[in-house]
Peer 1: 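Dropping the structure in here first, questions after.
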Amino acid sequence: MANTEDYRTGRHCVFGMHVHLVFVTKYRRNVLTGKHHDFLRDVFAKVCADFGATLSECNGEDDHVHLLVEYPPQMAVSKLVNSLKGVASRRLKQHFRMRTYRGHLWSPSYFAASCGGAPLSIIQQYVENQRRPS
């Protein structure tokens with residue numbers, strides 16, 4: 001059983017909802033560097049705070065980012081994703097000179113999985129194991 005510190009409380013509910021999000025760059029182009037990821041972490045944290053959510057973990061590679069977000073039950077994940085991708089793209093283009101495809105940084109699709117608060121390293125390991133052929 002989880003500790004009571006692992007749960008958040010609202011006016012009429014107690015919850016511990018986490019979602020694992022993956023955003024991929026358009027055509028999987030390798031445009032993200034370490035300084036982009038550091039900048040994105042701050043941008044994602046501010047957007048999450050505006051929605052009443054918490055960015056627990058954030059990392060990625062040259063062509064994608066992984067986020068672990070704890071969010072309140074009244075928030076729609078799709079609205080959070082739209083805001084995260086839009087604000088991140090706009091802010092990255094303002095601060096860095098980036099090579100994008102026709103002005104688009106992110107692919108229009110995304111991956112979202114309910115994960116109940118598992119650490120991002122465990123979730124990534126699970127996703128990698130699912131991709132490997134038996």
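Numbers here are sequence positions counted from 1.
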Peer 1: Taking H36 for the side chain and V31 for the main chain, is one N or O donor matched with an acceptor at less than 3.5 Å?
Peer 2: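 Here the side-chain-to-backbone pair exists.
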Peer 1: What distance do L84 atom CG and Y110 atom OH have between them, rounded to the nearest 0.5 Å?
Peer 2: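 Result: 10.5 Å between the selected atoms.
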Peer 1: Considering residues at least two apart in sequence or located in another chain, which fulfil the side-chain contact (heavy atoms from CB on, under 4.5 Å) criterion with Q94?
Peer 2: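 Checked Q94 against side-chain contact (heavy atoms from CB on, under 4.5 Å); matches are R90, R91.
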Peer 1: Not counting sequence neighbours, which residues clear salt bridge (charged side-chain N to carboxylate O under 4.0 Å, His left out) with D50? List them please.
Peer 2: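 For D50 there are no salt bridge (charged side-chain N to carboxylate O under 4.0 Å, His left out) partners, ignoring immediate neighbours.
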Peer 1: Could you tell me whether R41 and D38 have a side-chain N and a carboxylate O separated by less than 4.0 Å?
Peer 2: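 Answer for the salt bridge query: yes.
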Peer 1: If you look at every heavy atom in F51 and K79, which pair is closest and at what distance?
Peer 2: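 Taking F51 first and K79 second, the nearest heavy atoms are CZ-O, 3.9 Å.
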Peer 1: H95: what forms a ring pair (Phe, Tyr, Trp, His ring centres under 6.0 Å) with it, not counting sequence neighbours?
Peer 2: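 Counting only residues at least two positions away or on another chain, H95 forms a ring pair (Phe, Tyr, Trp, His ring centres under 6.0 Å) with F39.
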Peer 1: C58 and L67: which non-hydrogen atoms are nearest, and at how many Å?
Peer 2: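 Closest approach of C58 to L67, heavy atoms only: SG-CD2, 3.4 Å.
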Peer 1: Which residues satisfy the side chain to side chain donor-acceptor pair (under 3.5 Å) test with S78, sequence neighbours excluded?
Peer 2: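 With neighbours one apart ignored, the set is empty.
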Peer 1: Under 6.0 Å between ring centres: does that hold for H18 and H20?
Peer 2: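 No - the distance between ring centres of H18 and H20 does not fall below the 6.0 Å cut-off.
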Peer 1: Evaluate the side-chain contact (heavy atoms from CB on, under 4.5 Å) criterion for residues L92 and L32: first the C-alpha distance (whole Å), next the side-chain angles of each, then the deciding distance (0.1 Å), finally the verdict.
Peer 2: CA-CA 10 Å; L92 272 175; L32 301 175; 4.2 Å; yes
Peer 1: To the closest 0.5 Å, what do you measure between OG (S83) and CE (M75)?
Peer 2: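 Going from the OG atom of S83 to the CE atom of M75 covers 10.0 Å.
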Peer 1: Test of understanding: with side-chain contact (heavy atoms from CB on, under 4.5 Å), list the residues that count as partners of D63, not counting sequence neighbours.
Peer 2: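 side-chain contact (heavy atoms from CB on, under 4.5 Å) check on D63 returns T25, R28, N30, E61.
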Peer 1: Shortest non-hydrogen contact from P73 to C13?
Peer 2: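 Shortest heavy-atom contact: CG-SG, 4.0 Å.
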Peer 1: Would L21 and V77 count as a side-chain contact (heavy atoms from CB on, under 4.5 Å) here? Give the steps.
Peer 2: CA-CA 10 Å; L21 299 171; V77 174; 4.2 Å; yes
Peer 1: Is the side chain of K85 donor-acceptor paired with the backbone N or O of L105 at a distance under 3.5 Å, no angle test?
Peer 2: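 No, K85 side chain to L105 backbone: no donor-acceptor pair under 3.5 Å.
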Peer 1: Evaluate the side-chain contact (heavy atoms from CB on, under 4.5 Å) criterion for residues H37 and V65: first the C-alpha distance (whole Å), next the side-chain angles of each, then the deciding distance (0.1 Å), finally the verdict.
Peer 2: CA-CA 8 Å; H37 286 289; V65 294; 3.5 Å; yes
Peer 1: Please list, chain by chain and in numerical order, all residues satisfying side-chain contact (heavy atoms from CB on, under 4.5 Å) with A45, sequence neighbours excluded.
Peer 2: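 A45 satisfies side-chain contact (heavy atoms from CB on, under 4.5 Å) with L55 only.
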